[in-house]
Amino acid sequence: MAHHTSVLIIGAGQAASVLARELRGLGYSGSITVVGEETHLPYERPPLSKDVLKASASTESVFLQKAEFYQEQNIELVLGTSVHSLDCASRQAHLSNGQTWSFEHAVLATGGAARELALLPATQANALYLRTLDDALRVQARLHPGVRVLVIGGGFMGLELASTAHETGAQVTVVEANERLLARNAPALLSHWLLERFESQGITVCLGQGVSQAHFATDKEHPVELELKDGQRLQGDVALVAAGLTANSALARASGIAVDEMTAGIIVDRQGRTSVAGIYAAGDCTTQICPETAVRTRTESWQNANEQARQVAHVIAAQPAPAAPVSWFWTDVLGCNIQMLGQGSPDLDYQVRGVMDSQADAISFMLLAFEGPYLRHAIAVNAGADLRALRSIMEQNVPVDPAIVLDPSTKLRQYVKEALRTAHV
């Protein structure tokens, strides 16, 4: 039996749920069908490495919407099912359950998969990866006081895993191949502060050390042994691998939709259009190529999934494209909320507002990078209110006096308000 839907959303994660909700919010009355491989309702991923691992959040609490929402909004969920093939010419999708769906618009929201390391295969019971809710529950079951946890990767996910494992009472060691933590995402100032913060909490950090050998032996007291590049051997009970994400773009590639060879992301424009008319993509599976600079960007973030979904919804609903917000990202590690606003780059010069004390009882500071009088990138550690105050000047590219902004005594909300007023006179 053939089925038909106005909008077929392939993938049932955050981008998919936000897209469906946004379409209904814009008054779109066509039928919407969401097809996803997991059996869970669409959920948020950020809590997986934090509250879910600590068992301080229920499974249901991470769901983006309750089941009743989809029923009330006439959004059909086809869960536990994958799309085997997509025929863009005939506008048909063939599903693993044997169904064939025809559609007017299709949106690929297929997300990504945890990048697996050959030395630490996911088939090993003591080598765990975190991407899905089920993954999080498996890791949660292994965390308890005294367990030796070896975290492979010093990026955002690795640091979150290490932080959460530490909070559960585990003995934690972080192994990072680069010479500093967050080497691809943060300035050296923040990397060095994070290293001090982790080591002050009793977490061992091995930098510039990739894994050269991995041994698993269930008959030993500590069944995981990793040999690092310098010959050092680490013993643990479980290895948590955070080696990055790969875009789930195989379906797009097989369907003749353009995929970027460098990032493996589905190529989209600013409104989520792919190379095939009527086919869109949103979230971790996408890559945008700036037409002016040819810079390729594949952004893996909560905000990006939301914003790309909004853009696609407006196109399908024939509504004007919403303004793109300033890039924003956040993470929580070792009791510190870290937020980043704007786009960082290696050539930026960061200055400190406040005091960078990794062991203070009350930590709060910002790292700010200016280009002349213009703020280009801001990092806030336990200073979210100040970061929110600065958002407007970045969005509107309003000039400020860096010395005043960097002065901890400056009331940023009041100063920004005056700067905006002066700019608009």
Side-chain angles (χ1 to χ4, degrees), residues 1-24 28-45 62-113 131-135 246-257 259 265-266 268 272-274 276-286 305-306 308-313 315-317:
M1 177 182 175
H3 302 262
H4 176 81
T5 185
S6 299
V7 178
L8 179 67
I9 303 174
I10 303 171
Q14 182 166 325
S17 180
V18 171
L19 171 60
R21 184 191 68 201
E22 192 78 8
L23 281 169
R24 289 297 187 235
Y28 184 80
S29 59
S31 53
I32 302 173
T33 303
V34 179
V35 179
E37 293 184 359
E38 294 186 59
T39 57
H40 303 291
L41 291 172
Y43 58 85
E44 291 189 293
R45 296 191 189 276
V62 303
F63 294 158
L64 286 151
Q65 306 288 345
K66 295 182 178 180
E68 293 77 17
F69 167 83
Y70 300 99
Q71 297 167 359
E72 293 165 358
Q73 296 296 318
N74 193 26
I75 299 168
E76 182 167 1
L77 297 179
V78 183
L79 302 177
T81 305
S82 60
V83 174
H84 275 179
S85 63
L86 185 66
D87 189 327
C88 299
S90 66
R91 292 288 197 269
Q92 287 189 329
H94 303 286
L95 278 54
S96 60
N97 62 6
Q99 294 179 348
T100 296
W101 283 79
S102 62
F103 55 84
E104 297 167 32
H105 309 276
V107 184
L108 291 160
T110 46
R131 177 59 183 171
T132 69
L133 177 54
D134 289 336
D135 291 340
T246 58
N248 287 335
S249 55
L251 178 63
R253 191 187 298 274
S255 306
I257 298 168
V259 172
I266 303 167
V268 296
R273 301 180 185 88
T274 70
V276 178
I279 310 293
Y280 308 85
D284 291 348
C285 63
T286 67
N306 288 347
Q308 286 193 326
R310 289 177 61 239
Q311 293 287 343
V312 172
V315 174
I316 293 175

Results of salt bridge (Lys or Arg N to Asp or Glu O under 4.0 Å) for Arg21 - residues two or more places apart only: none

Applying side chain to side chain donor-acceptor pair (under 3.5 Å) to Thr110 and not counting sequence neighbours gives none

For Thr33, check side chain to side chain donor-acceptor pair (under 3.5 Å) against everything at least two apart and list the hits. Thr5

Please list, one pair per line, the donor and acceptor atoms closer than 3.5 Å that link side chains of residues 37-44 to other protein atoms, with sequence neighbours excluded.
unit_1	atom_1	unit_2	atom_2	d
Glu38	OE1	Tyr43	OH	2.7
Glu38	OE2	Tyr43	OH	2.9
His40	NE2	Asp134	OD1	2.9
Tyr43	OH	Arg45	NH1	3.4
Tyr43	OH	Leu133	N	2.8
Glu44	OE2	Trp302	NE1	2.7

Does a side-chain heavy-atom distance below 4.5 Å link Val7 with Tyr28? yes

How about Ser102 and Arg91: do any of their side-chain heavy atoms sit closer than 4.5 Å? no

Which residues satisfy the side-chain contact (heavy atoms from CB on, under 4.5 Å) test with Ser90, sequence neighbours excluded? Asp87, Gln92

side-chain contact (heavy atoms from CB on, under 4.5 Å) partners of Ala93, counting only residues at least two apart: Leu8, Val83, Leu86, Leu95, Phe103

CD1/Ile316 to CD1/Ile9 distance, rounded to the nearest 0.5 angstrom? 7.0 Å

Could you grab the distance from atom CD of Glu76 to atom CH2 of Trp101, nearest 0.5 Å is fine? 4.0 Å

Is it the case that the side chain of [X] and the backbone of [Y] share a donor-acceptor pair, with hydrogens and angles ignored and the cut-off at 3.5 Å?
X: Thr81; Y: Leu79; answer: yes
X: Thr286; Y: Gly283; answer: yes
X: Thr274; Y: Ile279; answer: yes

For a quick check under 3.5 Å, do Thr100 and His94 share a side-chain donor-acceptor pair by atom type? yes

Could you check Val107, Leu108, Val268 and say which one makes a side chain to side chain contact (heavy atoms under 4.5 Å, CB included) with Val312? Val107

